[in-house]
Amino acid sequence: MAKYENLIPRFLKYVKVNTRSDPNSTTIPSSPRLTAFAEHLVQDLQAIGLTNVHINQQSAYVYATLPANTDKPVKKIGYISHFDTADFNSENIQPQIVENYDGHSVIKLDAAGKYTLDPAVFPNLKNYAGQTLITTDGSTLLGADDKSGVAEIMAAMEYLLAHPEIKHGEIEIGLGPDEEIGTGADHFDVADFGADIAYTVDGGPLGQLEYETFNAANAQVTVTGTNVHPAEAKGVMVNASQVAMDFHAALPEHDRPENTEGREGFFHLYSMTGDVDTAHLSYIIRDHDRDIFEDRKKLFQGVADQMNQAFGSDRVQVTIKDQYYNMREVIEKDMTVVDLAKQALEDLDIKPLIFPVRGGTDGSKISFMGLPTPNLFAGGENMHGRFEYVSEQTMERATDVLIKIVELAEQQA
Ligand SMILES: [Zn+2]
């Protein structure tokens with residue numbers, strides 16, 4: 001019998017429910033189907049035997065507590081994951097189980113074989129020889145991002161309740177909506193949650209531990225032109241589209257996503273529209289280093305200022321909004337939260353994979369609310385689309401890690 005008997009059945013039950021978040025909504029959560037799923041989670045968490053199970057009104061997160069079974073002053077550890085899924089077909093999800101995968105065959109997702117998991121295209125498949133993979137049927141995403149995290153956290157709590165010989169402090173659970181539309185963590189209620197340190201269980205393959213993210217800003221550029229008949233344009237016309245192109249050309253050519261990797265930041269033009277009268281450019285600005293991030297924003301604004309000076313009027317309007325910051329800034333003040341996870345991985349013979357994330361996590365926001373929150377692997381591969389899959393064995397290992405962390409925290413207290 002499996003060590004965590006409800007882990008995979010619960011995961012399969014959850015992924016079949018459509019919990020796609022709605023990027024066009026202004027409500028919290030973004031869709032009534034997320035409210036319905038949250039209520040379902042409340043029942044399941046109560047059935048497991050957790051206490052203080054409730055939906056936090058401010059954030060629509062489901063919170064629950066596993067009380068301590070020791071008198072030692074152990075730090076309260078929080079585990080967080082999200083139950084919404086990405087912007088991809090989530091209707092009628094039919095997970096497929098591939099038992100004892102050989103690590104080299106091409107897996108047909110749909111019956112006709114239109115969509116396949118091919119190790120030539122997805123080389124990570126080679127890491128899963130001998131394991132059981134859960135895939136899609138090619139028509140939807142799977143939702144391992146992040147229902148694997150949800151199922152792992154619940155399996156870990158169930159295991160701890162069944163094994164009181166494993167001593168631990170109080171554990172706080174937070175299962176939230178709307179991570180995929182980037183708003184879920186904005187309303188996270190740190191006080192109600194009550195943890196001292198926390199982990200999002202939302203990473204990818206076995207061993208991933210992330211405590212460094214980008215600093216991030218969104219920048220919008222609006223150019224106002226002067227539209228006259230081209231025949232009589234000399235010295236009069238200011239073509240907004242041309243000015244927009246000049247603006248973009250003034251940014252450092254190397255610093256684009258397609259030219260950068262590792263710790264290199266960038267300016268990413270993700271949308272442009274324009275005619276002679278008006279043009280609009282949308283960018284994201286990213287850098288791991290806070291000072292360089294600030295310099296990037298200054299450079300961006302500086303290009304506009306210079307152009308406006310040359311025009312003698314403010315034709316180029318720039319609005320820059322910070323989105324999130326590198327959580328390392330918060331976490332490195334007290335590395336306990338990282339050290340615990342690293343040691344848990346090592347104790348379980350899992351090689352820690354620690355790299356700076358070229359993106360953000362819910363933890364990037366939550367860490368800046370005062371709760372240091374790195375990201376642990378949950379197992380998913382190829383997230384956000386039809387090629388998503390997860391290994392049962394990785395999900396079991398992730399559950400092992402969650403248990404080991406609270407065990408170590410108690411031993412070290
Ligand atoms: Zn996720």
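One-based numbering, in listed order, for ligands and for the atoms of each.
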Counting backbone and side-chain atoms alike, does Glu180 have an N/O/S atom under 2.8 Å from the Zn ion (ligand 1)?
no
Is it true that Arg290 and Glu329 have a side-chain N and a carboxylate O under 4.0 angstrom from each other?
yes
Are any of the side-chain nitrogens in Asp322 or Lys297 under 4.0 Å away from the carboxylate oxygens of its partner?
yes
Return the name of the atom in Asp202, of element N, O or S, nearest to the Zn ion (ligand 1).
OD1
Taking atom NZ as the centre, does Lys72 end up with more than 12 heavy-atom neighbours from other residues, nucleotides or ligands that are less than 6.0 angstrom away?
yes
Consider only side-chain N and O atoms of Gln242 and Asp246, and report whether a donor and an acceptor are under 3.5 Å apart.
yes
Hey, is there an N, O or S on Asp145 sitting under 2.8 Å from the Zn ion (ligand 1)?
yes
